[in-house]
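As structure tokens, the structure follows; a few thoughts come after it.
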Amino acid sequence: MKEKLVVILGPTATGKSRAGVMLAEKIGSEVVSGDSMLIYKGLDIGTAKPDKAQQKNILHHLIDIVEPWENFSAAAFQQRAARAISEVNSKGKVPILVGGTGLYIKSLLEGYEFSSAGESGLRRGLCAFAEKNGNYALWEKLQALDAALAAQIHPNNRQRVARALEVAMSGNKLSRGKQDGLVYDAMVFGLDMQRTALYARINQRVEEMFRQGLVKEVEGLVADGLPVNVQSLRGIGYKEVIDYLAGNIGLDACRELVARNTRRFAKRQGTWYKSMPYIDWHEVTDSTDWDFLVNIMQAKLVERFKLR
RNA sequence: GCCGCGGUAGCUCAGUCGGUAGAGCAGAGGACUGAAAAUCCUCGUGUCGGCGGUUCGAUUCCGCCCUGCGGCA
């Protein structure tokens with residue numbers, strides 16, 4: 001028997017967190033974050049992390065679970081999210097997975113089997129090789145080992161060519177295994193917004209982040225000794241501020257870049273969702289009646305899961 | 001009012017020694033199986049300000065007009 005799960009996904013800035021907390025209050029449950037940036041401690045403003053007040057009433061899982069200098073992965077997320085979901089289910093509650101990271105959520109719901117070949121020093125060596133001999137030379141190595149796989153990855157995509165090689169050289173395969181249906185007995189809600197409205201909202205939100213002290217947050221992290229090139233600081237809002245602090249760009253340019261990159265990101269998120277036909281979409285606007293919307297979701301859940 | 005320089009893709013501009021035009025940015029679409037807010041791929045027709053003239057042919061030359069900026073009055 002599959003475990004129950006509610007998912008709320010959608011592009012950034014559509015109100016997922018808010019809807020998640022409201023729904024959790026209504027059905028008496030807990031939130032599991034499905035976001036690749038909220039996992040980092042100390043990155044709060046730029047990730048629009050739910051604040052302490054929001055986390056006080058409703059228990060949130062998978063937020064602040066690793067240090068900002070640590071690496072994380074989709075595979076690690078998959079394991080930890082599965083554990084959290086089981087834990088909440090065992091309490092007789094239906095967990096609410098809230099987040100926008102396409103790979104994380106899709107791999108969890110559809111049961112991707114990530115290769116057991118873990119991260120090794122090999123990868124760094126391969127990247128160094130590409131640095132020296134070019135991306136194409138690296139890609140040719142992959143082609144020699146697994147032509148079918150190589151055909152699916154563009155030679156310029158060094159990051160993925162390197163990972164594929166790492167797996168191939170360890171004698172493993174990048175699994176494409178898929179199972180029938182979803183791993184969970186899941187109700188998947190999607191929040192969407194008209195593009196122009198969403199972009200306006202993103203622009204506002206970025207302004208707000210700077211007002212709240214995004215620059216200061218980054219300065220603090222760096223002052224505490226966090227190296228500038230760690231994975232967490234590659235996130236949108238962080239890498240640009242680091243460029244600003246380094247004197248490479250002005251503050252206005254920095255703000256613009258953060259907004260632009262967030263817009264592009266929102267668009268990219270959408271392409272993940274297009275490959276998930278089981279999403280139940282709900283359009284939101286600036287004047288959405290959230291209480292009403294969450295009530296609709298709740299009603300659907302009551303019917304689906306036979307809640308009280 | 002006079003002089004000068006502009007008016008070309010949403011924006012900033014390039015260019016056509018006369019054969020209807022191209023970059024950057026913005027934007028759009030896509031890929032994605034241990035970095036994923038990462039990484040990577042693809043996409044540029046617009047009354048070339050308006051109206052006339054010269055010409056086989058004008059966005060390109062000429063005239064007038066409209067308009068922006070700077071200077072002189």
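In this text, all values refer to a predicted model and were calculated from it rather than measured experimentally. Just so it is clear: chains get the letters A, B, ... in the order the sequence lines come, proteins before strands, and each one is counted from 1.
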Worksheet item: Does a donor on one side chain and an acceptor on the other come within less than 3.5 Å for A:Asn89 and A:Glu3?
Response: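 Per modelled atom types, A:Asn89 and A:Glu3 side chains form no pair under 3.5 Å.
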Worksheet entry | Base B:C32 to side chain A:Thr271, donor-acceptor N/O within 3.5 Å cut-off |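 By the distance-only test, yes, there is a pair.
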Practice prompt. Treating a pair as Watson-Crick (purine N1 to pyrimidine N3 plus N6-O4 or O6-N4) or G-U wobble (N1-O2 and O6-N3) with both distances under 3.5 Å, list the stems of 3 or more consecutive pairs that involve RNA chain B.
Written response: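 If one scans RNA chain B for consecutive Watson-Crick or G-U pairs, the stems found are B:1-7 with B:66-72, B:10-13 with B:22-25, B:27-31 with B:39-43, B:49-53 with B:61-65.
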Practice prompt. Starting from the 5' end of RNA chain B, give me the residue, A:Gly100 or A:Ala76, whose nearest nucleotide shows up first.
Written response: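 The residue mapped nearer the 5' terminus is A:Ala76.
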Discussion item. Judged by each residue's nearest nucleotide on RNA chain B, which is more toward the 5′ side, A:Arg263 or A:Arg160?
Written reply: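 Final value for this comparison: A:Arg263.
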Worksheet item: Is it the case that A:Lys16 places NZ or CZ above or below the six-membered ring of A:Phe189, under 6.0 angstrom from the centre and within 45 degrees of the axis?
Response: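 Ring-cation test returns no.
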Worksheet item: Using atom P of each nucleotide, how far apart are B:A35 and B:C11 to the nearest Å?
Response: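 Nearest-Å result for B:A35 against B:C11 at atom P: 42 Å.
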Classify [X] by what it touches in the nucleic acid, base, sugar-phosphate, or nothing, heavy-atom distance under 4.0 Å.
X: A:Arg268; answer: base
X: A:Thr47; answer: base
X: A:Ser36; answer: base

Discussion item. Within this structure, what is the CZ-CD1 distance for the pair A:Phe305 and A:Ile27, rounded to the nearest 0.5 Å?
Written reply: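 Reported value, rounded in 0.5 Å steps: 8.5 Å.
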Discussion item. Under 4.0 Å, heavy atom to any atom of RNA chain B: which of residues 194-209 of chain A qualify?
Written reply: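 RNA chain B contact set from residues 194-209 of chain A: A:Arg195, A:Tyr199.
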Discussion item. Given B:C32, B:G34, B:G30, identify the nucleotide with an atom nearest to the side chain of A:Lys274.
Written reply: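 My answer, after comparing the listed nucleotides, is B:G30.
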